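Read through the structure below, which is laid out as structure tokens, and then see the notes.
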Amino acid sequence: MAKQMIDTPNLDELENGPWPSFVTGLKRLAKDNDMMVDLMGQLETSYQTRFGYWKGGTVGVVGYGGGVIPRFTELKDENHKPLFPEAAEFHTLRIMPPAGMHYSSDLLRQMSDAWLETGGSGLIAFHGQSGDIMLQGIKTADVQRAFDKFNEMGFDLGGAGPALRTSMSCVGAARCEMSCFDEARALRIVINNNLDDMHRPSLPYKFKFKFSGCPNDCMNSIQRSDMATIGTWRDNIRADEKLSREWYAAHSMEDAINMVVNHCPSKAIQLRKNDGAAVAEGVTKVVLSDESCLEIDNHNCVRCMHCLNVMPGALLPGKDKGVTILVGGKSVLKIGATMGTVVIPFMKLESDEDFERLNDLSRSMLDFFAENALEHERTGEMIERIGLVNFLEGIELEVDPNMVNQPRANPYIRMDGWDEEAAKWFERKQAAA
Amino acid sequence: MAKQMIDTPNLDELENGPWPSFVTGLKRLAKDNDMMVDLMGQLETSYQTRFGYWKGGTVGVVGYGGGVIPRFTELKDENHKPLFPEAAEFHTLRIMPPAGMHYSSDLLRQMSDAWLETGGSGLIAFHGQSGDIMLQGIKTADVQRAFDKFNEMGFDLGGAGPALRTSMSCVGAARCEMSCFDEARALRIVINNNLDDMHRPSLPYKFKFKFSGCPNDCMNSIQRSDMATIGTWRDNIRADEKLSREWYAAHSMEDAINMVVNHCPSKAIQLRKNDGAAVAEGVTKVVLSDESCLEIDNHNCVRCMHCLNVMPGALLPGKDKGVTILVGGKSVLKIGATMGTVVIPFMKLESDEDFERLNDLSRSMLDFFAENALEHERTGEMIERIGLVNFLEGIELEVDPNMVNQPRANPYIRMDGWDEEAAKWFERKQAAA
Amino acid sequence: MAERTHQTIESGAPDPMPYMHPVMKDNYGKWVFHSHPKPGVLYHRAENGAEIWTVKAGTQRQMDHYTIRKLADIADQFADGYVRFTTRSNIEYMVADQTKVEPLIKALSEGGFPVGGTANSVSMIAHTQGWLHCDIPGTDASGAVKALMDELYDEFTKCEMPNRVKLSTSCCEINCGGQADIAIVIQHTMPPKINHDLVANVCERPTVVARCPVAAIRPALVNGKPSLEVDEKKCICCGACFPPCPPMQINDPVHSKFAIWVGGKNSNARSKPTFHKLVAAGIPNNPPRWPEVSEIVKKILGVYKADGRPWERMNDWIDRIGWPAFFEKTGLPFTKYHIDNWRGSRTTLNASTHIRF
Amino acid sequence: MAERTHQTIESGAPDPMPYMHPVMKDNYGKWVFHSHPKPGVLYHRAENGAEIWTVKAGTQRQMDHYTIRKLADIADQFADGYVRFTTRSNIEYMVADQTKVEPLIKALSEGGFPVGGTANSVSMIAHTQGWLHCDIPGTDASGAVKALMDELYDEFTKCEMPNRVKLSTSCCEINCGGQADIAIVIQHTMPPKINHDLVANVCERPTVVARCPVAAIRPALVNGKPSLEVDEKKCICCGACFPPCPPMQINDPVHSKFAIWVGGKNSNARSKPTFHKLVAAGIPNNPPRWPEVSEIVKKILGVYKADGRPWERMNDWIDRIGWPAFFEKTGLPFTKYHIDNWRGSRTTLNASTHIRF
Ligand code: SRM
Ligand code: SRM
Ligand code: SRM
Ligand code: SRM
Ligand code: SF4
Ligand code: SF4
Ligand code: SF4
Ligand code: SF4
Ligand code: SF4
Ligand code: SF4
Ligand code: SF4
Ligand code: SF4
């Protein structure tokens with residue numbers, strides 16, 4: 001508790017400027033925490049040498065195989081003694097936050113207390129990019145204690161390693177009119193029914209679920225998760241005449257054309273005279289003024305959200321809500337970054353049975369992944385290797401033209417099963433009719 | 001000359017219907033040509049068995065290695081005797097037509113005569129998909145004679161095999177206001193300076209040049225040629241007020257918006273009041289009426305041709321004309337069909353020196369292809385294998401952002417030469433300034 | 001062969017000027033306007049006011065010399081003695097005098113040559129050799145085209161489509177016919193049947209092995225003779241091994257079927273050029289009139305005609321309505337085969353929530 | 001470790017309801033309107049007329065407990081005792097009473113927390129661990145972000161961009177920071193330097209070999225010890241071998257540089273989601289304030305701000321003006337490295353004559 005502060009000329013530079021400084025925070029902690037004194041020493045060294053000095057290892061809590069990111073220093077003297085011994089161990093605990101990242105002020109204080117009491121550095125990141133509360137800086141000896149404390153408070157470790165990972169859902173239903181399903185419920189059902197895969201990592205590689213209430217995808221789920229659940233709707237966009245007139249009054253015809261009509265990706269919106277004529281099936285009439293209105297052709301609308309974003313409240317998602325499921329998003333290793341692609345164009349997500357179906361689906365995804373992916377192969381890579389169709393067959397989903405931007409443009413395919421496949425389509429059509 | 005006509009119940013069916021019937025033509029020929037009697041016999045057999053019965057071989061003319069497509073029948077009896085002996089040899093001569101496929105009626109008759117006189121079947125296709133006049137049906141013994149006759153008339157064999165191929169240029173300057181260069185001249189310079197590669201096939205695989213006067217690309221050159229030369233322009237679209245007013249008078253505001261403005265791929269056209277205000281640099285004003293005009297932002301126009309097509313004459317290509325060169329188009333083998341991609345965004349093609357440059361360029365293309373392609377590998381496949389940049393360096397062209405839809409989206413590249421490459425760009429910018 | 005009396009002149013591609021209509025020659029590069037007075041007729045005007053009318057007619061491409069002479073005679077009698085052929089084997093007569101247009105049309109029509117194929121009509125089908133001449137065909141191109149053009153006759157002679165319609169037919173998957181609004185291509189569905197007795201004599205084995213896009217062919221000894229073997233699980237039935245090795249018979253009277261592809265486009269107008277995409281397959285190869293092919297082509301054209309907006313090519317129309325609607329409106333089945341699994345196919349998947357309901 | 005007194009409860013992701021502002025809880029799923037009263041402030045209205053104001057402020061993400069307590073205290077004093085964090089480590093205070101908005105803004109500002117990050121502002125940079133915690137970083141993320149946010153402070157607190165701007169920073173090419181309008185990622189430019197003495201002990205060699213995306217690594221005996229060898233001509237310096245094998249040092253104080261990527265977008269609004277694209281590289285890794293990075297980012301943002309139209313995200317703007325204009329307007333050089341040569345790169349080439357002059 002009395003270790004001398006180390007000179008950190010480089011880090012000090014990061015105390016300047018208006019943005020909140022993490023260095024100032026580190027210094028505050030270092031005042032009564034030797035681990036942080038040495039942490040700053042190592043970090044300052046990195047700033048000088050432009051090298052990192054951490055290596056991994058194996059540290060965990062009883063019964064779990066993941067959730068802790070162990071860090072041991074590699075910055076040692078000629079006798080292999082750590083140059084900054086108090087920070088020689090500087091592990092991170094990944095703690096799953098309440099879905100949607102809601103906190104009471106009390107909870108924040110309780111967490112701070114718990115972290116300090118159990119040997120933690122006092123440094124917490126809200127949040128890591130996967131959505132974990134990252135309790136950063138603890139020695140091996142204290143890890144179990146810290147976890148136990150948080151677990152008692154109702155919190156659990158998140159994922160690390162070849163495992164189901166911590167998930168994220170947008171604020172959604174809690175505060176957003178675009179929300180098309182109960183994001184928090186979906187997250188908790190999917191994650192909490194598969195905790196075994198999170199806590200005892202034995203998948204081929206990591207697997208992430210993310211949940212966004214609408215296609216604005218505030219969770220970046222399409223890119224950053226192996227299975228993205230994104231809200232959407234099947235029926236007509238709803239229009240609120242009062243709000244649309246207000247919007248127009250505050251804007252202009254130019255704005256209506258340039259900001260709304262012209263940006264619609266499928267040209268589904270047209271400007272019309274507001275002449276009282278009845279609109280066709282599938283068309284939403286958006287009154288701008290006594291003279292003009294917009295007509296949205298909902299059958300050609302691709303649910304991009306743009307017009308709803310520009311005219312909030314005046315336009316709202318339809319009432320027949322549900323979700324689109326996309327699979328295979330991930331970062332750059334080893335084939336380049338991928339986006340998730342559609343595997344279920346639409347499913348309802350309202351009743352208990354609907355949520356049960358989502359639960360089953362996520363389990364099938366994990367099972368198929370566990371059985372078919374190569375080591376260190378993400379779902380997106382696996383699909384690239386085996387083909388989307390084999391994946392769909394594996395998890396028992398039907399093909400649908402919404403899954404593609406376009407049908408194949410090459411003849412490199414053996415099609416001797418054409419008649420059977422065509423028959424399946426007609427059967428499904430008939431069944432649906 | 002007296003061979004009995006063979007029953008052709010299947011082919012006969014193709015004499016019905018309003019479209020001109022090739023079968024009727026074959027029958028006419030068969031009346032006084034035994035080769036055609038037997039040809040119909042073999043063809044009818046194919047219609048019955050759904051099999052083809054030709055195989056290739058080696059037939060040519062003195063000094064040439066290509067230009068004749070040899071065909072020997074495989075339809076034989078148990079003693080290996082041809083079932084249809086008079087058509088046992090049925091070769092095709094590929095003859096290059098006048099650029100743009102112009103003919104006088106006399107020429108057509110002379111060709112018919114020459115073909116008959118020298119043993120030909122009397123069957124001629126105007127034209128093959130590569131643009132050859134296909135003289136179809138001649139025996140080995142008569143091939144040289146037929147070629148000599150056509151060669152005396154000023155015609156030459158086209159390409160076949162791993163060789164430079166017969167080329168095509170659109171009607172262009174001869175009758176089309178969209179034409180941005182002298183297509184026929186370009187074709188003849190490029191082809192006629194490289195005839196050695198056509199007549200003595202020794203390239204890794206075929207190489208095709210095609211020439212279209214504008215981006216409408218009536219020759220499908222982007223897809224069907226290894227090097228496409230397509231006309232374009234750099235300055236402003238020209239507008240003819242008289243014709244644009246006439247167009248508008250015959251149409252409507254809806255047409256102007258729905259047919260012209262809304263189809264512009266880069267949203268470069270806007271509707272404006274015709275208030276006499278001066279237009280900005282780079283803008284073409286298209287007067288529709290005393291009230292309205294269109295404004296084309298030429299710096300954002302991608303020269304797609306659409307607005308010019310819809311309002312012919314009212315809009316014309318600019319005066320600073322030239323061509324875009326694209327490389328690598330081809331059919332489906334072995335990587336799937338490819339489109340040519342831009343390697344020269346713009347070059348002038350007016351002066352003798354300009355044409356000389358085109359000539360040099362085509363020679364470099366052929367040389368690089370000859371030296372670097374694998375056997376049976378097209379230019380597009382070669383570029384896919386070695387990368388566009390290596391190809392550009394090989395033929396000494398500079399990189400340009402117009403060559404890509406987008407820069408790379410993956411970090412899988414070694415960039416230690418960044419500074420030198422960046423310096424090159426700035427030098428070129430400075431040199432151009 | 002008799003003694004040659006001629007010394008070859010490698011003259012190359014001929015100069016078109018001697019064969020070009022004088023008005024076109026005089027105004028070469030100086031045209032400023034065109035219009036479409038009626039189906040099958042074009043009008044072009046030059047800078048200096050010179051005018052030329054073009055009358056366009058369909059031909060059977062593979063022509064007997066009688067037909068050619070008939071076309072030449074019409075040129076002499078009703079036009080100015082000049083013609084040109086288009087890239088789609090249509091013939092164009094140019095006349096400097098407007099009054100010649102109607103008599104010319106009459107002569108052509110009476111001669112059996114349909115006048116049309118201009119502007120927003122269905123033009124003649126670009127096609128290939130087939131059983132008539134090629135060594136690897138799965139069907140006959142001229143026949144299939146004749147049968148189909150009989151059915152599309154009205155669409156050729158009228159201009160009632162949203163935009164130009166370009167069709168192609170190819171007699172094997174190599175697709176010499178090219179990318180098109182609607183392309184009709186034979187599609188093999190079974191791996192090649194190998195005549196092992198012939199392979200050693202006929203095929204250069206390393207060449208054949210190298211041709212296979214999926215490396216499904218390997219050298220093998222069969223009955224003691226050097227031959228080739230195909231891994232049938234890998235084989236995608238492309239037929240690329242057949243040209244260098246005819247004993248690897250890919251054509252099959254029953255199992256080689258037609259496939260239909262739509263939305264190919266080479267022009268840069270509006271959208272960038274794009275390849276045609278598979279929409280229908282498993283269509284029997286049914287000479288002499290291939291009715292199943294015509295039926296599907298006509299169905300697609302009918303829907304496009306009714307639903308497309310002016311100037312939308314086939315691909316533009318589908319871009320607007322979406323592929324699900326295309327399958328819905330045409331009644332064609334969507335199957336797993338439509339989902340691309342060739343190299344780079346990731347970019348063809350819908351990596352978005354852009355979905356139409 | 002002392003004896004455990006607690007039995008683990010695998011409780012998973014906690015229920016948010018106990019921590020949610022009561023107005024949000026009561027109106028869960030029933031919101032119908034939002035607006036942006038001013039930068040940093042959101043207004044939401046529910047079906048039944050219930051209202052809530054959100055005030056949003058930036059944080060340093062990696063927070064000491066003093067900072068956290070300060071934020072909690074502000075919640076108690078000026079808001080209703082509830083907060084949430086956004087996916088970009090901004091903190092949001094929800095208040096049911098409009099009159100609390102201004103005092104809250106004041107308290108946050110005085111406490112050193114910039115209020116902003118809503119709507120068409122530049123939000124906080126999504127970032128990663130860096131030298132502070134990761135085992136493979138080429139730079140420090142928190143530091144680079146602090147330095148850059150100092151420069152972008154005004155853009156965070158004002159809403160003057162054409163649309164939302166989302167930035168990310170990543171301390172290695174793995175890019176935990178994600179796709180963004182502007183992404184700042186370290187880029188290695190030299191193949192790994194191998195410490196052959198350590199390989200045998202530290203690395204599972206087959207695993208390492210398998211990780212390389214271009215198969216550039218092979219097992220080798222070096223000085224009699226089992227080690228690994230890199231084919232430097234093949235190696236694309238991606239660094240993927242470093243995590244499973246730290247003796248393959250990829251980080252280099254001089255040769256690991258920053259690269260800047262633009263136009264990434266995850267939302268489906270207007271255009272489909274799309275990846276960010278390389279625009280600048282070779283930028284020195286220059287702690288503690290990385291001025292060269294800031295300069296280029298500010299340049300790009302400046303041009304976008306001036307040239308973008310309302311609601312155009314970075315990618316929409318570039319789609320409209322074209323990449324040549326992007327390089328022209330930003331003054332950034334275009335090099336051969338910008339031309340993709342990774343698998344499937346054919347689709348990134350301009351296969352059209354669509355060119356702007
Ligand atoms: C005669 C011909 C050129 C030649 O040298 O032979 C030709 C001639 C003209 N084309 Fe073409 N095109 C000709 C083949 C093509 C082709 C290639 C093909 O048919 O395989 C294309 C590309 C097709 C594709 O995209 O796959 C082609 C795409 C166009 C376009 C762009 C259409 C579009 O919107 O995508 C135009 C513009 C237009 O329609 O106004 C055009 C326009 C024209 C114009 C109007 C040009 C002019 O101002 O004279 C000519 C009118 C012809 C007519 O019949 O309406 N031409 N044109 C070819 C006639 C073929 C035929 O008999 O049908
Ligand atoms: C005759 C013709 C079809 C027709 O009826 O019009 C034709 C016929 C053949 N083509 Fe073709 N191709 C013909 C134009 C084309 C075109 C169109 C073009 O040139 O614009 C293409 C697509 C463009 C291209 O070059 O890729 C074309 C792409 C092919 C290919 C595939 C090349 C590829 O890289 O994918 C092959 C296969 C090969 O070369 O091994 C091929 C091969 C063949 C062969 C030589 C088959 C063979 O391997 O034995 C055919 C000879 C038929 C014969 O008996 O005459 N043909 N071929 C066309 C040439 C006539 C002429 O000279 O005018
Ligand atoms: C709070 C947050 C969700 C959460 O659960 O944490 C959120 C909340 C909202 N987003 Fe978001 N978005 C949030 C991250 C995102 C992200 C992901 C990210 O930041 O990495 C995206 C995708 C970005 C991308 O495309 O890469 C995102 C794309 C959008 C869009 C689509 C923007 C577009 O035009 O592309 C909208 C629509 C809009 O702007 O009206 C939107 C709209 C909104 C609205 C207006 C929704 C609403 O009606 O309440 C919220 C306003 C927030 C504001 O500050 O203006 N939100 N939003 C996230 C705030 C992050 C931050 O602090 O900056
Ligand atoms: C901590 C965190 C960055 C941060 O500061 O926020 C992080 C840190 C690491 N990531 Fe990550 N990733 C973090 C979110 C992400 C994300 C974003 C997300 O989840 O939305 C991604 C992109 C999405 C994805 O999953 O692809 C991401 C893609 C990766 C990858 C590349 C995976 C791929 O398939 O391309 C690796 C490499 C690997 O797993 O081998 C990786 C690996 C790592 C490792 C474990 C490095 C390693 O291999 O040793 C880093 C540990 C750092 C540490 O010491 O804590 N991290 N990583 C994020 C997790 C915090 C949390 O739990 O909340
Ligand atoms: S993803 Fe949609 S529902 Fe969720 S917060 Fe964003 S805008 Fe709202
Ligand atoms: S939500 Fe639908 S109608 Fe609105 S802009 Fe997007 S696609 Fe067009
Ligand atoms: S390519 Fe252009 S110049 Fe040539 S004929 Fe077609 S429209 Fe005219
Ligand atoms: S030619 Fe230019 S202005 Fe005209 S439609 Fe095409 S891109 Fe737009
Ligand atoms: S498409 Fe095939 S079968 Fe037909 S001509 Fe071309 S190569 Fe021969
Ligand atoms: S048909 Fe095609 S895929 Fe099959 S063996 Fe032959 S070349 Fe290979
Ligand atoms: S980006 Fe790389 S260095 Fe940074 S946290 Fe992620 S894995 Fe570690
Ligand atoms: S840096 Fe990347 S490319 Fe180079 S050897 Fe390592 S894994 Fe392979």
Side-chain angles (χ1 to χ4, degrees), chain B residues 214-215 217 222 228 230 232-235 265-267 298-304 320 324 326 328-329 335 338-342 345-346 380 383-384 387-390 392-393 399-419 421-426 429, chain D residues 173 175 179 185 187-191 213-214 232 235-239 255 257 259 261-264 274-283 318-328 332-343 345-357:
Chain B
C214 81
D217 198 2
I222 194 167
I230 301 182
T232 189
W233 67 94
R234 277 190 300 205
D235 56 345
S266 55
K267 301 190 178 156
N298 286 280
H299 295 307
N300 194 32
C301 158
V302 294
R303 276 66 178 167
C304 86
D320 186 12
T324 297
L326 303 98
I335 58 173
T338 57
M339 299 278 175
T341 66
V342 176
F346 186 87
I383 294 176
E384 173 118 333
L388 180 66
V389 167
N390 285 325
L392 294 172
E393 284 175 359
V399 299
D400 187 295
N402 285 303
M403 293 174 183
V404 298
N405 292 333
Q406 55 168 70
R408 69 169 53 247
N410 63 72
Y412 287 158
I413 173 80
R414 181 170 168 179
M415 292 204 270
D416 44 336
W418 178 271
D419 290 342
E421 295 301 322
K424 281 190 205 165
W425 171 262
F426 291 120
K429 284 265 139 186
Chain D
E173 285 179 42
N175 190 26
Q179 300 289 320
V185 188
Q187 177 90 24
H188 309 300
T189 67
M190 290 293 180
V214 293
E232 301 209 347
C235 173
I236 47 171
C237 310
C238 71
H255 293 108
K257 309 264 192 177
W261 307 69
V262 310
T274 175
F275 298 105
H276 52 224
K277 286 100 192 163
L278 179 74
V279 293
I283 307 162
I318 300 172
D319 272 359
R320 175 169 57 81
I321 67 165
W323 284 101
F326 173 88
F327 285 97
E328 198 65 44
L332 295 171
F334 182 85
T335 71
K336 66 180 187 182
Y337 303 120
H338 291 98
I339 300 183
D340 195 4
N341 58 354
W342 184 243
R343 285 162 215 157
S345 59
R346 206 199 308 165
T347 54
T348 70
L349 300 178
N350 184 7
S352 78
T353 61
H354 284 203
I355 294 176
R356 292 173 176 86
F357 295 102

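The sequence lines fix the lettering, A, B, ..., with proteins before strands; numbering per chain opens at 1. None of the values given here were measured: they were computed from a predicted structure.
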Is it the side chain or the backbone of B/Phe426 that comes within 4.5 Å of chain D heavy atoms, both, or neither? side chain

Between D/Phe327 and chain B, which part of the residue has a heavy atom less than 4.5 Å away: side chain, backbone, both or neither? side chain

In terms of heavy-atom pairs under 4.5 Å with chain B, the winner among D/Leu349, D/Thr353, D/Leu332 is D/Leu349

Take a 6.0 Å sphere around CD of B/Glu393 and say whether it holds more than 12 heavy atoms from other residues, nucleotides or ligands. yes

So for D/Ser345, is it side chain, backbone, both, or neither that comes closer than 4.5 Å to the heavy atoms of chain B? neither

Select one option (side chain, backbone, both, neither) describing which atoms of B/Cys304 are under 4.5 Å from chain D's heavy atoms. both

For D/Pro333 and B/Trp425, the nearest pair of non-hydrogen atoms, with its separation, is CA-CD1, 3.2 Å

Measure B/Ile335 against the heavy atoms of chain D and call it side chain, backbone, both or neither at under 4.5 Å. both

Which pair of heavy atoms, one from D/Gly282 and one from B/Trp418, lies closest together, and at what distance? CA-CD1, 3.9 Å

Which one, B/Gly329, B/Gly387, B/Gly380, B/Pro345, leads in non-hydrogen pairs under 4.5 Å with chain D? B/Pro345

Are the side chains of B/Thr338 and D/Arg346 in touch, meaning some heavy atoms are under 4.5 Å apart? yes

With only heavy atoms counted, which part of B/Asp235 is less than 4.5 Å from chain D, the side chain, the backbone, both or neither? neither

Of the non-hydrogen atoms in B/Asn405 and D/Ala351, which two are nearest, and what is the gap between them? OD1-N, 4.5 Å

Nearest-0.5 Å distance that lies between atom CD1 in B/Ile413 and atom NZ in D/Lys336: 8.0 Å

Nearest heavy-atom approach of D/Phe334 to B/Asp400 is CE2-C, 3.4 Å

Write down the atom of B/Val399, the atom of D/Thr335, and the distance for their closest heavy-atom approach. CG2-C, 3.9 Å

Roughly how far apart are D/Asn350 CG and B/Thr324 OG1, rounded to 0.5 Å? 9.0 Å

Chain B contact via D/Ile318 - which portion, at a heavy-atom distance below 4.5 Å: neither

Which bit of D/Glu328 is near chain B, if near means a heavy-atom gap under 4.5 Å: side chain, backbone, both or neither? side chain

From D/Met190 atom CE to B/Asp416 atom CG, the distance as rounded to the nearest 0.5 Å: 4.5 Å

Could you state the interatomic distance from CG (B/Leu392) to CD1 (D/Ile339), rounded to the nearest 0.5 Å? 6.0 Å

Is the backbone of B/Ala409 close enough, under 3.5 Å, to the side chain of D/Asp340 for a donor and an acceptor to pair up by distance? no

Let me confirm one number: the OH-CZ distance from D/Tyr337 to B/Arg408, rounded to the nearest 0.5 Å. 10.0 Å

If one checks every heavy atom of B/Lys424 against chain D at 4.5 Å, the contacting part turns out to be neither

If I take atom SG from residue D/Cys235 and atom CZ from residue B/Arg414, how far apart are they, to the nearest 0.5 angstrom? 7.0 Å

Is there side-chain contact between D/Phe357 and B/Thr232, with heavy atoms separated by less than 4.5 Å? yes

Between B/Asn298 and chain D, which part of the residue has a heavy atom less than 4.5 Å away: side chain, backbone, both or neither? backbone

Which heavy atom of B/Pro411 sits nearest a heavy atom of D/Gln187, and at what distance? O-NE2, 3.1 Å

Quick one: are B/Asn300 and D/Arg356 in side-chain contact, heavy atoms under 4.5 Å? yes

Quick check on B/Val389 against chain D: is it the side chain, the backbone, both or neither that has a heavy atom closer than 4.5 Å? side chain

Any donor-acceptor pair under 3.5 Å from B/Asn402 side chain to D/Ile355 backbone: no

If I measure from the heavy atoms of chain D, does B/Gln406 come under 4.5 Å with its side chain, its backbone, both, or neither? both

Residue D/Ile321 versus chain B: region with a heavy atom under 4.5 Å: backbone

Considering only heavy atoms and a distance below 4.5 Å, find which of B/Lys267, B/Arg303, B/Met339 pairs most often with chain D. B/Arg303

